[in-house]
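The residues of the chain are indexed from 1 along the displayed sequence. Excluded from the calculations below are hydrogen atoms, water molecules and symmetry mates; all remaining heavy atoms, backbone and side chain alike, are included. A quick note: this is a predicted structure, and the numbers were derived from the prediction, not measured. In listed order, ligands and their atoms are each counted from 1.
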Amino acid sequence: MKWLLEFWRSSIGGKVTMAVTGLLLFLFVLMHMLGNLQFLAGPATINAYAEFLHSKPALLWVARIGLLVIFAVHVRTGIRLATQNKAARPVGYAVDATLRADWASKSMLLTGLTTLAFVVYHLAHFTLGWVHSRDHNSNNVHAMMKHSFGHPGIAIVYVAAQVLLFFHLRHGIRSLAQTLGLNHGRYTPMVAILSLLLAAAIAGGNILITLSVLLGIV
Ligand code: HEM
């Protein structure tokens, strides 16, 4: 256990932790978006899917706790690495050496923390019914989504969160590929295109669901 903690505390251990937990979270958001797209197929399809997910409570709780631990480790390690990077270079360069790094790479902490805030809000909304409780209905997920995204304020928060998630995922996928060894010159352009497409598919799929209601298509 001690070696694991020491590995996690090291700089390379921190990067590997971010890559592995980031990959697992990426797989979750991809599966979640694909599952949610069933909303567009109508109430019977998405409600049957939600019922299926809730039909094995023991399994659901193992998955929920696993996801929570992975998410907590990802956030904690990310904050630590960002703080260490800042401490290593407390005074900014006279000429910004990271000029070539784009906005997404420089803003990983910001887009990560906004995603964390979104997830807290999202759980309070759809899972716990603590906010917008009049719309909460875990027995009819289709009605819950339709009523919620019919409010422009809620829809705008969801769309804005997906735009920030897009930037976080695009840079995150590129970084994790590099940390996990896919940084060969031949693969780099391919990884850049793939990370753009995957991040756009996840954010775009979620935005499509939200706008389909807001624009009155569903
Ligand atoms: C427009 C985008 C999204 C929609 C429509 C959506 C929809 C939903 C719905 C309906 C539930 C509740 C399912 C149920 O009670 O049966 C849920 C739960 C959840 N969502 Fe989302 N979601 C979206 C985006 C996201 C994103 C981007 C994340 C993560 C970054 C996320 C993370 C979660 C988590 C962790 C849960 C809890 C799962 C559980 O109950 O254990 N969602 N979502």
Side-chain angles (χ1 to χ4, degrees), residues 21-75 78 108 110-133 135-173 198-215 217-218:
T21 52
L23 180 62
L24 294 171
L25 292 169
F26 158 73
L27 291 175
F28 167 76
V29 283
L30 178 66
M31 297 311 290
H32 190 46
M33 183 277 293
L34 291 174
N36 287 339
L37 275 184
Q38 296 178 68
F39 171 76
L40 302 174
T45 313
I46 185 86
N47 289 345
Y49 172 65
E51 205 181 307
F52 164 74
L53 290 182
H54 290 144
S55 64
K56 308 252 180 310
L59 213 66
L60 179 68
W61 274 104
V62 170
R64 278 175 169 167
I65 292 167
L67 194 61
L68 192 71
V69 170
I70 293 165
F71 198 63
V73 171
H74 190 76
V75 173
M108 284 304 274
L110 177 74
T111 53
L113 290 177
T114 50
T115 300
L116 170 66
F118 166 75
V119 171
V120 172
Y121 166 72
H122 180 53
L123 292 182
H125 178 203
F126 278 159
T127 302
L128 302 165
W130 290 349
V131 295
H132 319 304
S133 41
D135 294 331
H136 191 254
N137 188 349
S138 44
N139 294 320
N140 189 344
V141 170
H142 188 275
M144 177 166 76
M145 288 161 84
K146 196 169 163 179
H147 289 145
S148 297
F149 297 144
H151 302 294
I154 299 179
I156 288 169
V157 170
Y158 270 77
V159 170
Q162 303 315 304
V163 172
L164 293 166
L165 178 68
F166 162 79
F167 287 111
H168 193 79
L169 286 176
R170 197 193 65 180
H171 183 73
I173 298 166
L198 286 168
I202 291 173
N206 286 337
I207 289 174
L208 184 70
I209 296 166
T210 313
L211 291 187
S212 71
V213 178
L214 188 67
L215 302 178
I217 300 163
V218 170

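- Considering only non-hydrogen protein atoms, atom 39 (C) of ligand 1 sits nearest to R64 NE, 3.3 Å.
- Among protein heavy atoms, atom 38 (C) of ligand 1 sits closest to T127 OG1, 4.5 Å.
- Applying the 4.0 Å criterion to heavy atoms of V119 picks out, from ligand 1, the atoms 29 (C), 30 (C).
- Not a single N or O atom of T115, backbone or side chain, sits closer than 3.5 Å to an N or O atom of ligand 1.
- At a 4.0 Å heavy-atom cut-off, ligand 1 touches L165 through the side chain alone.
- The closest protein non-hydrogen atom to atom 37 (C) of ligand 1 is L123 CD2, 3.4 Å.
- One finds the CZ atom of F26 at 12.5 Å from the NE2 atom of H74 (value rounded to the nearest 0.5 Å).
- Among protein heavy atoms, the minimum distance from atom 33 (C) of ligand 1 is reached at H122 CD2, 3.5 Å.
- Not a single heavy atom of F71 sits closer than 4.0 Å to an atom of ligand 1.
- Ligand 1 places these atoms under 4.0 Å from at least one heavy atom of V141: 10 (C), 16 (O).
- For Y158 and H151, the ring centers are positioned 6.0 Å apart or more.
- The distance from ligand 1 to the heavy atoms of F149 drops below 4.0 Å at these ligand atoms: 5 (C).
- When only interatomic distances are considered, the shortest N/O to N/O separation between H32 and ligand 1 falls below 3.5 Å.
- Atom-to-atom distance recorded for F118:CZ and L123:CG is 9.0 Å, nearest 0.5 angstrom.
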Can you check side chain to side chain contact (heavy atoms under 4.5 Å, CB included) on F166 and I202, steps first, answer last? CA-CA 8 Å; F166 162 79; I202 291 173; over 6 Å; no
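- In this model, a donor atom of one side chain and an acceptor atom of the other lie less than 3.5 Å apart for H125 and S148.
- In this structure, T127 and H136 approach most closely via the heavy-atom pair O-NE2, 3.5 Å.
- If you check which protein heavy atom lies closest to atom 5 (C) of ligand 1, you get M145 CE, 3.6 Å.
- Distances from ligand 1 to the non-hydrogen atoms of V29 include at least one value under 4.0 Å.
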Intermediate values then yes/no, side-chain hydrogen bond (donor to acceptor under 3.5 Å, both in side chains), H54 and Y49: CA-CA 9 Å; H54 290 144; Y49 172 65; over 6 Å; no
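- Taking all atoms of both residues into account, the shortest heavy-atom contact from I173 to A199 is CD1-N, 4.3 Å.
- In terms of protein heavy atoms, atom 15 (O) of ligand 1 is closest to H54 CE1, 3.5 Å.
- The ligand atoms of ligand 1 that sit less than 4.0 angstrom from a heavy atom of T210 are 1 (C).
- When only interatomic distances are considered, the shortest N/O to N/O separation between S138 and ligand 1 does not fall below 3.5 Å.
- Scanning both residues, N47 and V141, for their nearest heavy atoms gives OD1-N, 3.1 Å.
- When hydrogens are left out, the protein atom nearest atom 26 (C) of ligand 1 is F118 CE2, 3.6 Å; that is the closest non-hydrogen contact.
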Check the pair I46 / L40 against side chain to side chain contact (heavy atoms under 4.5 Å, CB included), numbers first and verdict last. CA-CA 8 Å; I46 185 86; L40 302 174; over 6 Å; no
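- Rounding to the nearest 0.5 Å places CZ of F39 at 10.5 Å from CE of M144.
- Residue, atom and distance of the protein heavy atom nearest to atom 3 (C) of ligand 1 are N36 ND2, 3.8 Å.
- Under the 6.0 Å cut-off for aromatic ring centres, H171 and F167 do not qualify, their centroids lying 6.0 Å or more apart.
- For atom 13 (C) of ligand 1, the protein comes within 4.0 Å by no heavy atom at all.
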